[in-house]
Student: 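Pasting a structure below so you can have a look.
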Amino acid sequence: MKEVHVPMIGAWDAWRRESRRLMDMGVPPEAVLWRFDDEETVFRALLEPPDTLKEPAGRQLLVPRAFLTLAETVICHSQPSRFSRLYRVLARLQKNRNLLQLPTDQDVHALRSMEKAVRRDAHKMKAFVRFRELEARPGQRRRFGAWFEPSHHVVERVAPFFARRFADMDWVIATPGVTVTYNDGALAFERTSDVPRYGEDMTEALWKTYFSSIFNPARLKLQAMTSEMPKKYWRNLPEAELIPDLTRKALKREAQMLNAPPSSMPRWAEIMKARAIDMRSQTDDAEAPPHSMEAGRHAVHECRRCPLHECATQAVFGEGPAPARLMLVGEQPGDEEDLAGRPFVGPAGRLLADIASEAGLDRSQCYVTNAVKHFKFQPRGKRRIHQRPNTQEIQRCRWWLDFELDKVRPQLVVALGATAARALTGDGRAIRERSGKIEKRVDNIPVLITIHPSAILRTPDRQAAIELRSALRRDLERAAAFLCQSQEMRSHAAIKGS
Ligand code: URA
């Protein structure tokens, strides 16, 4: 009979080392006595029919990874038979490598139950350790101490969790078997000599107040509570002394809650509610449009059709002659436009004016506007970073675009970029496939789809930017040609009719 000693601290490494040695020597499970630490009991191997024969020494040991994971957990269990049970399963695995997949096998079943119990105990330790602040040592980190009574030997397993979570302080967790200390980032384990006395600290009263104020009497479920927070842990939980009183009064408090008048809405909620009502009342698409361009130009400043008005400086309406033969539609005002209150006056606007004039278009002859009238952005430090308007915002603002189209009555509209194209045609397909083409709106107004000048400014590759610029210029030339053509046709018609 071989007698093997497994220490309480470092049990996993010791069991692993010893098991390997015994297997190498071909010692069958029934011939091993496992002794745990300095306890008096000798844990005899389970005396069940030996189904493991003496292994020939020197044979390659088969240790599936799943077994290692299982064994590392089971080792923490407090049941004396765990060492022999694990060793026996290790021996049986040499004959049947799929043994762990047999949940009805007695050994496997026993190990799985132990595994579950250890996991649960480790989880409870993470949840129920309550530190108390210890006296500070001058110039050193704050120190905390806790006394905890786990059901199994989980301290070594759980200590790294506390080291990660409370890395910026020194602490000690004492348990009946092992005490772990964490000093200056290093974990150390030792056998506990006596029960430490950690007095109540200043935060304990605060913690109890917090606990009783989050305790909801209307949600009290005693069974669920005691299953999650078993009573055996209560004696080391400062808040537990409040539980009997809180539960006793729960029914009465619940009744008081039911009878109490509703509390008034916080101020911010009132403002939000008023704003929502305000918005609803102003988002009626059937609302009659302003009677003139001038009236629209004023009314747009009161627009609450979508939330973008909340952060923008002002609404930016279109500008230019109305009626006009050509209407240029961008996405939304940018940072400079938002401050100036005029469309396309920033970098994209200057580039557009340059390319338009190269293409033979005079900006002052065009009506220039945007699909969305408010600047949408995200503040980042002192800067306001442009954000694309979403489908709903585009949709809400179409009311204004339709109003402008009605007043401008253009022969051609140029949609600069995807937002404008979507707002004008209702089609959200990418510009790539549509650029340079003329599409018809439902009201038959032709829309020439092209890229937005900002796309040129944003393209870092010089050659690619040059190509984009040429494409925009080509499209604007096309717009100019279209206008010439339609002008000629009108002149012909006028001559014929005269
Ligand atoms: N980009 C736009 O789409 N419109 C402007 O007015 C300015 C930049």
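Worth knowing before you read on, the calculation uses all heavy atoms, side chains too, and leaves out hydrogens, waters and symmetry mates. In listed order, ligands and their atoms are each counted from 1.
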Student: Who passes ring-ring contact (aromatic ring centres under 6.0 Å, His included) against H386, sequence neighbours left out?
Tutor: none

Student: So which protein heavy atom does atom 4 (N) of ligand 1 come closest to, and at what separation?
Tutor: N370 OD1, 2.7 Å

Student: Should the proximity of E331 to ligand 1, defined as any heavy atom under 4.0 Å, be assigned to the side chain, the backbone, both, or neither?
Tutor: both

Student: Just let me know how Q332 lines up against ligand 1, side chain, backbone, both or neither, with a heavy-atom cut-off below 4.0 Å.
Tutor: backbone

Student: Mark up the atoms of ligand 1 that fall under 4.0 Å of a heavy atom belonging to P343, in ascending order.
Tutor: 6 (O)

Student: With a 6.0 Å cut-off on ring centres, are F131 and Y198 close enough?
Tutor: no

Student: H152: what forms a ring-ring contact (aromatic ring centres under 6.0 Å, His included) with it, not counting sequence neighbours?
Tutor: H77

Student: List ligand 1 atoms under 4.0 Å from H452, heavy atoms only on the residue side.
Tutor: 1 (N), 2 (C), 3 (O)

Student: Would you say E336 touches ligand 1, if touching means a heavy atom closer than 4.0 Å?
Tutor: no

Student: Taking 4.0 angstrom as the limit, do R132 and E204 come out as a salt bridge?
Tutor: yes

Student: Between S151 and K232, does any side-chain donor sit less than 3.5 Å from a side-chain acceptor?
Tutor: yes

Student: Determine, using ring centers only, whether F166 and W171 are less than 6.0 Å apart.
Tutor: no

Student: Please list, in number order, the atoms of ligand 1 under 4.0 Å from a heavy atom of G330.
Tutor: 3 (O)

